[in-house]
Amino acid sequence: MISIQRRSGNSPGWNAACYSAALLGALLSSALLLALSGGDPAKAFSALLVGAFGSQNALLGSLSKATPLLLVGLGTVIAFRAKIWNIGQEGQVFAGAMMAYWASLMVGGLPYWMALGVIALAGLLGGAALGMLAGYLKTRFATSEVISTVMLNYIVIFFLAYLLDGGPWMETGVTVAYHQSPPVNPALEWPVLFGQGAGKLHIGFLFALAASVFCAVLIERTSLGYEIRAFGSNPTALRFRGTNIRRLLLVVMLMSGALAGLAGAGDLFGTSHRLRAETLLGIGSSGIVVAMVGGLRPTGVMLAALFFGALKAGAIYMRLQSGTPAGLVSAMEGLVLLFFLCAAVATKFKIVRNHVHA
Amino acid sequence: AEPQKLKIAIIMESNLDVGWSSTLIESLNKIKAQLAGTIDVSWEHTDPMWGDDAENAMRFYAESGEYDIIWGHGRYSDQVKKLNAEFPDTMFVVAGSGNLPLGGNQYWLYKRQYESSYLLGMLAGRTTKTGVIGLVGTFAADDVNDEINAYFDGARSVRPEIMHRLSFIGSWSDNALAAEHANVQIAAGADVVFMLTDNFKPCQEHKIMCFANITDQSKSAPDAIASSAIIDWQPDLTWLIEEWQKHKAGVAFNGNIEPKWFSMAQGGVDIAPFHEFDTKLPDAVKLELATMRQKIISGEFVVPMNTAEPK
Amino acid sequence: MENLLSVQNLTKRFGPVIANDGVNLEVRKGEIHCLFGENGAGKSTLSSCLYGYYRADSGVIRFKGEVAELNSPADALRLGIGMVHQHFVLVANFTVLENIIVGSADAGMFLTKSKARQKIGELCDACGIKIDLDREIWQLSVGEQQWVEILKALYFGAELLILDEPTAVLTPQQSDQLFRILDGMRRRGLSIILISHKLREVMQSDRVTILRKGKAIATVETSQTTAEAITSLMVGHKVSKHVKDRSVQPSGEVLAVDRACATGDWGEDLLKDVSFNIGRHEILGLAGVAGNGQKELFEALMGVRTLSSGTFSLEGEVIAKPTAREMLDRGVGFVPDDRFLEGLIPEFGTAENLILGWQRARDYCRGPFLDRRKMEDLARRKIEEFKVVTASPELPVERLSGGNAQRVILAREFLHSRGLLLANQPTRGLDVAASEFVYEKILEKRSAGFAVLLASEELDDLLRLCDRIAVIFKGRIMGIVRPEETTLLELGMMMAGDAKDLQRTVQ
Amino acid sequence: MLELLQGPMLVSILAAMVRIATPLLFSAMGELVTQRAGIWNISVEGTMLLGAVVAYVVASTTGSPWLALLVAILACALISLIMSFVTIVLKAEQFVAGLALNLLASGLTLFWFQNYVIGREPPKFAGFEQVDIPYLSDIPVLGPVLFSQRLLTYVSFLLPVLVWFFLYRTRYGLEIRCVGENPKALDVKGLGVGRRQCLAIMFGSLMSGFGGAFLMLGYSDRFVPDLIAGRGWLVVVAIIAGNWMPFRIVGAIFIFALLEAVGIHAQVVGVAIPHHFFLVLPYVASLILLAGLRSRTHQPVGLGVPYSRE
Ligand SMILES: Nc1ncnc2c1ncn2[C@@H]1O[C@H](COP(=O)(O)OP(=O)(O)OP(=O)(O)O)[C@@H](O)[C@H]1O
Ligand SMILES: Nc1ncnc2c1ncn2[C@@H]1O[C@H](COP(=O)(O)OP(=O)(O)OP(=O)(O)O)[C@@H](O)[C@H]1O
Ligand SMILES: [Mg+2]
Ligand SMILES: [Mg+2]
């Protein structure tokens, strides 16, 4: 008789099998979707692969798309491991970009590397401040972070809309522009590591790598990480055992927001060079998806960020080459997430063949 | 002789259901037919892309070497700026407000609809019973403000004491919100509403007259839409193709620095026919409008252009 | 007497674990039948199988002579088998009435509560239960919640009632009342399967079936056996009861509490002028009916609840602003009564739980990093010393049985405390042998010079172990007595607040 | 500003509030039942979109808005089986499942839209029209607010009462609430937890679809891919802000709708405050409200926690 049982440990081989099956399932169902609408899945997917990994430029492009996702994903991991449901990444990305932009207007006289540091720091601070505001509301007024972070998302986004639409940061020039700031000071753009154009990788990628190492070590190896994980499992016991859980909550929200803020700053100074809502929109929510698909583990998040980064980068090529509509890409994201969710459940079980008992 | 080949790659800002984009394709089709035999015009367009995605797409087209014109149908000068030097033989086109003048191989198209909208304003002024007219906009921008100001100016030119209602929904496509704004304007007395964003349901429900923007939308609400301010990209295309041919003949690209648009006289904008309203509108008004249209075309009357943010 | 229930050869496995291994059991009509066995012996599993909550892997269950197909609790309820679970299964913000009628068809489509109210009223009268049906569960005491659980089962017309450790959280008085109720039910011809670790209760039953490692090893008539005999059947050897070492006597003063007061959310008194002290080599017992301020007293002493007035001092030093951190640093050990809520991180393994509270201590860290090797060493040593049954030091403690989870807490607290140990209900829910293990460890600390505050509802144990016993009632200390100078009756009266002329305090 | 306080504008503000609130009410009441059954289904936005798409397709092919509504809600009920499978059978993280469904819905909609709608003659379709109830709609002030609405608006006002009655006054409602608070309490009585949760998800999804379809058929004359524009999230926010209690949720929705209505009116009459201020007001207000009114939470204890026996 074959039965399904909960497993006590976890087996890397089985995990890999589950997640591969999930990936395959997601790809197959997307292909089906495409075929049903008269598209050519083989052509589309080979274009996707070429666009994501086909050349050095393509690869760099994928990494560049992965950068903000990785940062936001890591921030999400820190919060979610503590079961603090910070879903304000969207707003924190905005806040980081806005703070960094503001800083860039202030750092005129500084030497380049110092200015760069100040801008990156401002990005971290912007996200952190917004995160901590939600944290403060929770510790002081017991306001659920789920709701406060969602509200703050809207508030920040409207605030940016005000600043860019008739407000002080609106671009004034030959024409009255649509909701964008003037380009950032070209002298303050973040340095490009490799490549150019589509395959341009800016220094934010290094920040994201550093953040990955930081998070991995933080969560698994440090006392603070221990407290974060304990908070997620049982905050009461943690409080009874002498940890100041209010402060811990603030620290978690600070770190989580800061990473999202850095993603925003990086996107502004490394990629888009203009403060504009639509380029920042969606980074936060994709980052949450990346964190969840990555199983809330820094290494998993790195893989997931790379995967979604490649999907985003390859998608452009796929759309151009095979005329696949953009809608398929977000449908694919949804499918991948859904299948991975099922796979994550499957990893907790094992299939055993047990002898029949009389 | 063999017809010359012209390939255009278009980066779209919005889906083709939006007039801004669909009109371009319509005009391209007309131009293609018109030039058949001399120039073989073909094109390819993407679905909406912005930011570095758009830049990547432009680079993809440029690097393929197959395209003569890379057309960013919106705010894409940031992207062009990163490419135009690298691909000096490619013509880059950007369209609308919010672009930077780069000159050289970037050409910058503009659509100014103040002339047609002035005419619609006159129509509104002549037909309103309450003396209040409305306009529902998306966002305030240079190439929207001129239209709005001209609309109200046109109305005041025939009825100086007219009151106006104006609001921006702050979104490109929140249909339901657009309806709500229209409802409110109607409640605030407006009985002619110019909808810069599509949703004519409130006009139909309150049985009032509406105008549509960019394309002739009469079909979607024949009982409500009296006319539309429409645009046509044929003159723009013709000009660009001439410029492109000059370049082929060895003249350096000389993209415009100032916003360039084609007026009603040049066929860049117009108002749509009245359709069902043809019988409903008083002949005197129709005549007045026709006369004024002729005057604008002949240059006898110059519609004042005002791009200040309307209040 | 005829058998109401008979179980033959019932086996139930959880993966590799055989929870019930060929169990045979017969329950007569109108008897109280006790299941007795160590933690993890399979009592709860057996009752869940009888209730259709789990499906037995093999075996036959007959009810009233017919083979019973128990695929879900619905089948059991239909047959007339009701169950009160080890952990309450109540909806905290439903009223008593709603908790009872939810899921029953005669609640009527539109919740006609009057009929149900009448039926429950009759049941209450028959059993002698007094309860306000319109109060919400969270407003009730633990005892009252237990009555609700019983009413739920009876409401569905149970003829066989299974009670899984119903008295683990009840006070002796409430447990007595429970037995009066059970007795009434027995007389009306109902049968009861009772699971309990308390010998005093087991001895009140008609028959006892003893389970060991999943097997039913014997069924005996209670009247023809003794508590000692049952116990040694259960563990396979004799369990010796520990008593305090009289050669060491209390001295000095480790903890002194001076007129401590605490108030609740609505300004009610939780603690009122509580004063006492504990010396070195001393165990001070804290007796009281649950909910009379014990929990709050422990929380205040642990620094997680602020006193509205009054102070306490450690080693002669007044603690001005106590925090949990400070108390831990001063070497106070704390065994909370709710182990999984307040004492453990359920998702962490034994190794990580052993340093909970000390995760930043230099012993287990190098800078900001945890020293995994040291943690593992510690875990290995403590698992052996405290005989924790666990597959590995990393296995989440939520998968440990209550007794083993408690051992993890004790190991941690004994390791890190220096001088003062606060233990609130450390043996709740533990079997006899496990309880004795805990007491043995506490007595070792006493001999080593610790001051111990030990709250328990087991008065016999308090009398046996403590140097003095303080009785708390409605947040007040009714008196402090020496075990050798008092009686169970006297303690019981003081716990009921009825002790005006008895009130005395010994130093 | 003063103009806003005059009679006709006041009436108009109230009427707008009612219009804005209606689709939200449908979705919120459905989602409330789902959440009271312990399922944290945040796919309201996606489900509303799905309802709108299906309603649009059916209305433009058959011409009947009522049939369109019916098919739309059936489709949403059907799609809810995915959510049920993932959360009840697999017991996966509900929050993520909802996120995935939202992504899927918006992706599929865009995909469909780009494949089948764009570039074709936009179909004509009939939606729901405003109905003036004879005589009543002529009552000054109240008439236009209350009696010049779409027929389904009246249903939406009845709905909270029905949902309240269901949850608090029927046996099945009691069971649903029990599942959300402590599923085991029902399980030990032999009643299926999964079946009830599945039905609750289905009802929630169906009502969300209703809201989306109504937004499409009642307020719009064409389909656009981001028709829902965040209203589904607003519904989730309203449930939290309304502390999981039917009438408070209605209150929260009315506050949101009122602020939006005031914002629109202020813009139209030309109040000199940036309109962003009014747009952001509902969010700031509910945040302050939540921080200020710290009443006992009625969040179902088991919300978002998958139930399994062992
Ligand atoms: N849900 C489960 N999954 C896996 N194993 C289980 C489960 N429940 C019980 N077991 C196993 O079955 C054995 C019997 O457990 P059970 O809960 O019946 O013990 P018990 O006699 O009720 O203990 P206690 O006196 O502590 O209540 C345990 O030792 C355990 O290993
Ligand atoms: N999910 C599970 N997987 C494996 N074993 C389990 C699981 N759940 C419970 N067990 C086992 O079941 C046994 C009994 O669990 P249970 O929680 O009933 O402990 P207990 O001794 O009855 O606790 P308490 O004293 O708190 O009532 C334990 O030995 C534990 O190992
Ligand atoms: Mg048990
Ligand atoms: Mg137990």
Side-chain angles (χ1 to χ4, degrees), chain A residues 1-11 78 80-84 142 213-248 251 255 295-297 348-358, chain C residues 9 11-16 18 22 57-59 298-299 302-305 323-329 332 334 336 338-348 352-353 355-361 364-372 375 391-392 394-399 409 412-413 416:
Chain A
M1 200 176 83
I2 288 182
S3 67
I4 293 175
Q5 283 177 9
R6 224 179 159 75
R7 62 169 65 230
S8 42
N10 62 9
S11 116
I78 293 178
F80 283 18
R81 282 298 281 273
K83 297 219 172 77
I84 297 170
V213 176
F214 172 79
C215 281
V217 171
L218 172 78
I219 288 175
E220 296 301 334
R221 303 245 164 255
T222 67
S223 309
L224 181 59
Y226 175 103
E227 286 163 6
I228 290 173
R229 288 180 288 127
F231 190 93
S233 178
N234 186 356
T236 310
L238 195 61
R239 180 167 66 91
F240 271 66
R241 303 299 303 161
T243 300
N244 183 341
I245 61 169
R246 288 171 179 230
R247 197 174 58 199
L248 181 63
V251 168
M255 290 194 292
L296 296 185
R297 268 186 296 270
K348 293 192 196 129
F349 290 87
K350 58 183 170 188
I351 301 167
V352 288
R353 190 177 306 149
N354 44 7
H355 25 275
V356 183
H357 309 282
Chain C
N9 232 339
T11 299
K12 172 72 187 168
R13 298 165 175 271
F14 293 106
I18 308 184
D57 297 328
S58 65
F298 276 95
E299 286 177 356
M302 226 18 244
V304 291
R305 173 183 288 279
T323 62
R325 185 69 263 152
E326 181 173 1
M327 300 316 286
L328 287 175
D329 288 340
V332 180
F334 178 44
D338 191 332
R339 42 187 166 255
F340 281 107
L341 185 66
E342 291 159 2
L344 293 168
I345 303 296
E347 291 172 15
F348 280 9
E352 287 188 309
N353 267 300
I355 64 157
L356 180 60
W358 301 99
Q359 68 273 12
R360 288 171 185 266
Y364 312 115
C365 292
R366 267 176 303 174
F369 304 105
L370 290 172
D371 189 335
R372 292 268 163 196
M375 287 167 61
S392 85
E394 274 73 49
L395 184 79
V397 293
E398 63 191 345
R399 310 267 282 264
I409 294 183
R412 180 181 68 212
E413 297 310 310
H416 295 110

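Protein chains get the first letters and strands the later ones, always in sequence-line order, with residue 1 at the start of each.
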Check: [Y] and [X] side chains under 4.5 Å, non-hydrogen atoms:
X	Y	value
E347(C)	R229(A)	no
R241(A)	R325(C)	no
N244(A)	T323(C)	no
P368(C)	L224(A)	no

Contact origin within [X] toward chain A - heavy atom pairs under 4.5 Å:
X	value
L344(C)	backbone
R366(C)	neither
F334(C)	both
R305(C)	neither

Does any N or O in the side chain of [X] come within less than 3.5 Å of the main-chain N or O of [Y], such that one atom is a donor and the other an acceptor?
X	Y	value
N234(A)	P346(C)	no
Y226(A)	E352(C)	yes
S223(A)	Q359(C)	yes

For T236(A) and L341(C), work out which heavy atoms get closest and say how close. CB-O, 3.7 Å
Can you name the nearest heavy-atom pair linking A230(A) to I345(C), along with the distance? CB-CD1, 3.7 Å
Within a radius of less than 6.0 Å around CZ of R247(A), do more than 12 heavy atoms belonging to other residues, nucleotides or ligands occur? no
Pick from E220(A), R221(A), R239(A): which one has the most heavy-atom pairs with chain C under 4.5 Å? R221(A)
